[in-house]
Amino acid sequence: QSLKSKMDEFKGVVSREKPHIISVTETWGKESLGDAIFTLKGYNTYRDDRGEGTGGWTLLYINKKLGQKPCRKLNKMRNNQHFDSNIWCWVSPTRTKKILVGSIYRSPRSTRENNNLLLQQIDRANTIAGDNRLLIMGDFNIPSIDWVTRDIPTRAPKIDRDLFKKLQDCFLYQHVTKPTRFRGNASSTLDLICTKEEEDLRNIKVFPPLGRSDHGVVVGEFVCEWKN
């Protein structure tokens, strides 16, 4: 919650782990806050600060050594509607290979309409990616799914059941199985990473939260190898 107050600690983690792609949710960014506040040396910044209030919002950092450009089809409003909150970018590790990367934050107070927009956005991302690779990261606030057994209670909230089915329908694999959010003695897996193949991601770790956040820092290795 509020990246601005954690930038020094955040930069320390980045310096240690040296990631190429970073997704940050609940940045508490605003359009009135310039990019300089969130600047990270060696990275380009892509932000979604639309909407009202202070909580939420998303941000992607992409290493400048990688080819990259915003995915305008997913970032622009559609029929005057926009899921709060998400940001998308095409990343090119080589001249001929592309990865569609998305950062998503779904508030626990998200409306039914906003939830539907999320499901539509995942559908569209999967379609737009086509034969290219797809990497979706973020805080979905979907606590009831058991990602170890791939099971969901029949009485789980509608959005939990709908998201689980949407990932299945799009043939997407969710990789995070360890708890990522810690509050008191309770823990849950809210921060998810989805790709097209189970083999796309490896060595997933959950580091302690930054500052007073109750979400851990999730780190993994995206396998940039293409099947012929």
Side-chain angles (χ1 to χ4, degrees), residues 1 21-27 48 55-58 60 74 83-88 99-127 129 133-210 213-223:
Q1 296 176 339
I21 298 172
I22 306 170
S23 165
V24 184
T25 60
E26 288 195 273
T27 61
D48 178 20
W57 320 138
T58 53
L60 275 173
L74 289 171
F83 167 72
D84 291 333
S85 166
N86 65 149
I87 191 72
W88 300 83
I99 307 167
L100 179 57
V101 179
S103 177
I104 286 175
Y105 174 71
R106 176 192 164 273
S107 167
R109 298 178 296 277
S110 179
T111 63
R112 179 176 295 184
E113 180 183 29
N114 198 52
N115 289 340
N116 289 335
L117 291 173
L118 167 61
L119 300 174
Q120 293 171 22
Q121 195 75 326
I122 292 173
D123 225 355
R124 293 183 65 222
N126 195 46
T127 300
R133 306 283 287 281
L134 180 60
L135 175 61
I136 304 175
M137 305 168 284
D139 176 4
F140 288 77
N141 278 299
I142 304 288
S144 64
I145 301 172
D146 185 330
W147 291 109
V148 175
T149 62
R150 308 280 156 178
D151 191 26
I152 183 169
T154 55
R155 294 188 177 182
K158 184 177 186 301
I159 181 56
D160 296 44
R161 290 183 279 112
D162 287 348
L163 178 68
F164 189 69
K165 184 176 186 302
K166 178 59 65 179
L167 296 181
Q168 290 181 322
D169 291 346
C170 291
F171 300 99
L172 297 177
Y173 187 86
Q174 200 292 112
H175 296 265
V176 183
T177 57
K178 299 177 181 179
T180 64
R181 191 239 194 180
F182 313 91
R183 179 168 289 182
N185 295 322
S187 63
S188 52
T189 305
L190 302 184
D191 303 279
L192 311 179
I193 304 177
C194 304
T195 69
K196 290 186 175 183
E197 303 286 348
E198 184 175 355
E199 298 79 17
D200 283 341
L201 210 66
R202 63 190 179 196
N203 297 333
I204 298 174
K205 301 174 183 177
V206 181
F207 294 129
L210 300 180
S213 173
D214 55 6
H215 285 255
V217 177
V218 183
V219 177
E221 298 175 9
F222 187 80
V223 182

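All residue numbers refer to positions in the sequence shown, counting from 1.
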Next on the checklist: Would you compute the distance between atom CH2 of W88 and atom CG of L60 and round it to the nearest 0.5 angstrom?
Outcome noted: 9.5 Å

Item to check | Contact summary for R150 and Y173, nearest pair of heavy atoms | outcome: NH2-OH, 3.0 Å

Checklist entry - Using a distance-only test with no angle check, is there a side-chain donor-acceptor pair under 3.5 angstrom linking T58 and N86? => result no

Checklist entry - Are the side chains of N141 and Y105 in touch, meaning some heavy atoms are under 4.5 Å apart? => result yes

Checklist entry - Where do R202 and V223 land on the side-chain contact (heavy atoms from CB on, under 4.5 Å) test, with the steps shown first? => result CA-CA 7 Å; R202 63 190 179 196; V223 182; 3.9 Å; yes

Item to check | T177 side-chain N/O to V148 backbone N/O, donor-acceptor pair under 3.5 Å | outcome: no

Checklist entry - Would you say the side chain of K166 lies within less than 4.5 Å of the side chain of D123, judging by non-hydrogen atoms? => result yes

Checklist entry - So, the side chain of D146 versus the backbone of D151: is there a donor-acceptor pair under 3.5 Å, distance only? => result no

Next on the checklist: Could you check whether any side-chain N or O of D84 sits under 3.5 Å from a backbone N or O of N114, counting only pairs where one atom can act as donor and the other as acceptor?
Outcome noted: no

Next on the checklist: Could you check whether D139 and T25, counting side-chain N and O atoms only, form a donor-acceptor pair closer than 3.5 Å?
Outcome noted: no

Checklist entry - Within the side chain of R161, is there an N or O that forms a donor-acceptor pair under 3.5 Å with the backbone of A156? => result yes

Checklist entry - Which atom pair, heavy atoms only, marks the closest approach of P153 to S144? => result CD-O, 3.3 Å

Checklist outcome for this item: So CZ of R181 and CG of D191: to nearest 0.5 Å the spacing works out to 10.0 Å

Next on the checklist: Go through it in stages, so that I can follow the logic: the residues are F164 and I142, the test is side-chain contact (heavy atoms from CB on, under 4.5 Å), and I'd like the CA-CA distance, side-chain angles, deciding distance and then a yes or no.
Outcome noted: CA-CA 9 Å; F164 189 69; I142 304 288; over 6 Å; no

Next on the checklist: Any side-chain to backbone donor/acceptor pair from S188 onto L190? Under 3.5 Å, distance only.
Outcome noted: no

Item to check | Spacing of I145 atom CD1 and T149 atom OG1 [to the nearest 0.5 Å] | outcome: 10.0 Å

Checklist entry - Taking C-beta and beyond as the side chain, do L135 and R133 meet within less than 4.5 Å on heavy atoms? => result no

Item to check | pair P143-D160: side-chain heavy atoms closer than 4.5 Å | outcome: yes

Next on the checklist: Quick check: closest heavy atoms across F140 and I122, and the distance to 0.1 Å?
Outcome noted: CE2-CD1, 4.3 Å

Checklist outcome for this item: Scanning both residues in full, the closest heavy-atom pair of L134 with F222 reads O-CE1, 4.4 Å

Checklist entry - If every non-hydrogen atom of K178 is compared with every non-hydrogen atom of I204, which pair is closest and at what distance? => result NZ-O, 3.8 Å

Item to check | Side chain to side chain, N115 and K158, heavy atoms closer than 4.5 Å | outcome: no

Checklist entry - Can you tell if the side chain of Q174 reaches within under 4.5 Å of the side chain of C194, non-hydrogen atoms only? => result yes

Next on the checklist: Could you check whether any side-chain heavy atom of I21 comes within less than 4.5 Å of a side-chain heavy atom of M137, counting everything from C-beta outward?
Outcome noted: yes

Next on the checklist: For a 4.5 angstrom cut-off between non-hydrogen side-chain atoms, does F207 reach V219?
Outcome noted: yes

Item to check | R106 side, atom CZ; L163 side, atom CG - distance, nearest 0.5 Å | outcome: 8.5 Å

Next on the checklist: Ignoring hydrogens, what is the shortest heavy-atom contact between F182 and G216? Give both atom names and the distance.
Outcome noted: CE1-N, 4.2 Å

Next on the checklist: Could you measure the distance from the CG atom of L167 to the CD1 atom of I136? Nearest 0.5 Å is fine.
Outcome noted: 7.5 Å

Checklist entry - Taking 4.0 angstrom as the limit, do K165 and D169 come out as a salt bridge? => result yes

